[in-house]
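All residue numbers refer to positions in the sequence shown, counting from 1. Please read all numbers here as calculations on a predicted model, not as lab measurements.
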Amino acid sequence: MDLFNSENYKNESLNTLLENDKLIKYNLMSEEERKFFNGVLHKLQPKKIVEIGVAAGGSSAVILNAIKDIEGSQLYSIDLANNQAYANNKPTGFLVDEEFPNLKSKWKLYTGGMAFDFIEDIGDGIDFVLLDAAHNNPGEILDFLVVYPFLKENATIVIHDTQLHTFNSGYAETCCVLFSALVGEKYYPLSEQKSCGISNIGCVILDKSMKDNLLNIFLLITLRWNYLLDLNMNSRLLKFLNKYYDSSLVNIYEKSFIHYYNLIMQNSFNQANNKEMDKEIDKLEIRLNKLIDYIAWWMPVKKWRNNFRNKILGQDRTGQDRTGQDRS
């Protein structure tokens, strides 16, 4: 459904941003996605906004530009990284600092930690959330569970990269399955439906029955993980989840972490062992080849040398000795 049609995009203010070459370069939303996102913000007029996944700050700039005239509005942005390696290690959110400093009065940036490290400081009453971070399991699934206890009733969740998994094998279906599992009115730009007939961005205006369907979100955590939280992060997250959710739900997360921790660590161990074994095999093959060449070098007839090598190695050789000279 495409509730937010072109008349709601407020393109005049957005176009000013889109004239900025750096924003185009570093913001990973398409033009249609930006228009949809901008339209949602103008239509809903949110006051307390949380963004998880900042990177260069392109989406932050779009949000700040859209809310600059909304009285009492504030954006809280969270990113695990302090710096962005893909942008010459510039600080997270650098686009806002460098290109749009006039918008910073409504912005608070948190870096160097997970969403659960900062969300209690941000507090409740959140009415709008953008999830655009890991794009891998358990990523955005956990991010939603972290912000959920702090949401106003009928808060809006926007999820970017809901079709990323269909054309980039480096990412999981995390964003798509989360969008599917959320309960509420769902909207997305129809003109942006590409891969597999789905859009790459969508929003959900949560229904009050979402609280009765949290099991569905926790079940998503059991999907195969693509990365691990370190043990310290896991400990902090468990403490957080136990504070806000029933123990039967938290148990799903805890058991999933143990399962995938063991699986991923075992796979990493096996891969490391296989690499070491491959190295040893390569060394043995080199030593064997040298020994065979040394023995064959003493045989006075080329045919004898080739037959000897073929019997030992099971493959054709050049008939040259170690010095490259033909001894036939």
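Proximity of Trp107 to Ile63: side-chain heavy atoms (C-beta onward) are nowhere separated by under 4.5 Å. With contacts defined as side-chain heavy-atom distances shorter than 4.5 Å, the pair Ile126/Ile119 qualifies. With contacts defined as side-chain heavy-atom distances shorter than 4.5 Å, the pair Phe116/Leu241 does not qualify. For the pair His160/Cys175, no side-chain contact is recorded, criterion being any heavy-atom separation below 4.5 Å from C-beta on. Proximity of Leu237 to Met114: side-chain heavy atoms (C-beta onward) are nowhere separated by under 4.5 Å. Side-chain atoms of Leu142 and Ile221, non-hydrogen and from C-beta on, do get closer than 4.5 Å to each other. Using a 4.5 Å cut-off on side-chain heavy atoms (C-beta onward), Glu32 and Asn200 make no contact. Looking only at side-chain heavy atoms (C-beta outward), Asp121 and Lys108 come within less than 4.5 Å of each other.
Here the side chain of Asp127 pairs a donor or acceptor atom with the backbone of Lys47 at under 3.5 angstrom. Not one N or O on the side chain of Asn213 forms a donor-acceptor pair closer than 3.5 Å with the backbone of Asn216. Here the side chain of Lys68 pairs no donor or acceptor atom with the backbone of Lys106 at under 3.5 angstrom. Distance alone, capped at 3.5 Å, places no donor-acceptor pair between the Asn65 side chain and the Val62 backbone. Asn262 places a side-chain N or O within 3.5 Å of a backbone atom of Ile258 that can act as its donor or acceptor partner. Under a 3.5 Å cut-off, the side chain of Asn234 and the backbone N or O of Leu229 do not form any donor-acceptor pair. Between the side chain of Ser30 and the backbone N or O of Glu33, at least one donor-acceptor pair lies under 3.5 Å. The closest donor-acceptor contact from the side chain of Lys22 to the backbone of Glu98 lies at 3.5 Å or more, if one exists at all. Without hydrogens or angle criteria, Asn89 side chain to Asn83 main chain gives no donor-acceptor distance under 3.5 Å. Looking at Asn226, its side chain does come within 3.5 Å of a backbone N or O of Asn137 through a donor-acceptor pair.
The two residues Ala61 and Val96 make their nearest non-hydrogen contact at N-CG2, 4.1 Å. Considering all non-hydrogen atoms of both residues, Ile49 and Ile67 come closest at CD1-CG2, 3.6 Å. Considering all non-hydrogen atoms of both residues, Val129 and Leu131 come closest at CG1-CD2, 3.6 Å. Nearest heavy atom pair, residue Cys176 against residue Ile198, reads SG-CD1, 4.4 Å. Ala133 and Asp143 get closest at one heavy-atom pair: CB-OD2, 4.0 Å. In terms of heavy-atom proximity, Thr166 sits nearest to Cys196 at CG2-SG, 3.9 Å.
By the neighbour-count criterion of 12 heavy atoms within 6.0 Å, atom CD of Glu31 is sparsely surrounded, having that number or fewer from other residues, nucleotides or ligands.
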Name every donor-acceptor pair, under 3.5 Å, that has one atom in a side chain of residues 144-155 and the other anywhere in the protein, sequence neighbours excluded.
{"from": "Tyr148", "atom 1": "OH", "to": "Lys211", "atom 2": "N", "distance (Å)": "3.1"}
{"from": "Asn154", "atom 1": "ND2", "to": "Leu206", "atom 2": "O", "distance (Å)": "3.0"}

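In this structure, the separation between NZ on Lys104 and CG on Leu75 is 12.5 Å, given to the nearest 0.5 Å. For the atom pair CD1 of Ile52 and CG of Leu130, the computed distance is 9.0 Å after rounding to the nearest 0.5 Å. One distance of note links CD of Gln45 with CD1 of Ile70; it measures 4.0 Å at 0.5 Å rounding.
In terms of hydrophobic clustering, with Ile, Leu, Val, Met, Phe, Trp and Tyr side chains grouped at heavy-atom distances under 4.5 Å, Tyr253 and Leu215 are assigned to a common cluster. Tracing side-chain contacts under 4.5 Å through hydrophobic residues (I, L, V, M, F, W, Y), one never reaches Leu80 starting from Tyr86; they form parts of separate clusters. Under the 4.5 Å side-chain heavy-atom criterion for grouping Ile, Leu, Val, Met, Phe, Trp and Tyr, Ile252 is connected to Leu263 within one hydrophobic cluster. Taken together through direct or relayed side-chain contacts under 4.5 Å among Ile, Leu, Val, Met, Phe, Trp and Tyr, Leu95 and Leu41 form parts of separate hydrophobic clusters. If you chain together hydrophobic residues whose side chains sit under 4.5 Å apart, Tyr171 and Val158 never meet in one group.
By the 4.0 Å N-to-carboxylate-O rule, Lys90 lies too far from Asp97 to be salt-bridged with it.
Residues passing the salt bridge (charged side-chain N to carboxylate O under 4.0 Å, His left out) test with Asp69: none are found, sequence neighbours excluded.
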I would like to know whether Tyr187 and Glu185 meet side chain to side chain donor-acceptor pair (under 3.5 Å); could you show each step before the answer?
-> CA-CA 7 Å; Tyr187 304 98; Glu185 298 177 45; 2.3 Å; yes
Tell me, with the steps shown, if Glu51 and Asp132 meet side chain to side chain contact (heavy atoms under 4.5 Å, CB included).
-> CA-CA 8 Å; Glu51 171 192 29; Asp132 191 12; over 6 Å; no
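Between Trp225 and Tyr260, the ring planes are parallel. Angles under 30° get that label, and only those over 60° would be called perpendicular.
Between Tyr245 and Phe218, the gap from one ring centroid to the other is short of 6.0 Å. The ring of Tyr26 has its center closer than 6.0 angstrom to the ring center of Phe94.
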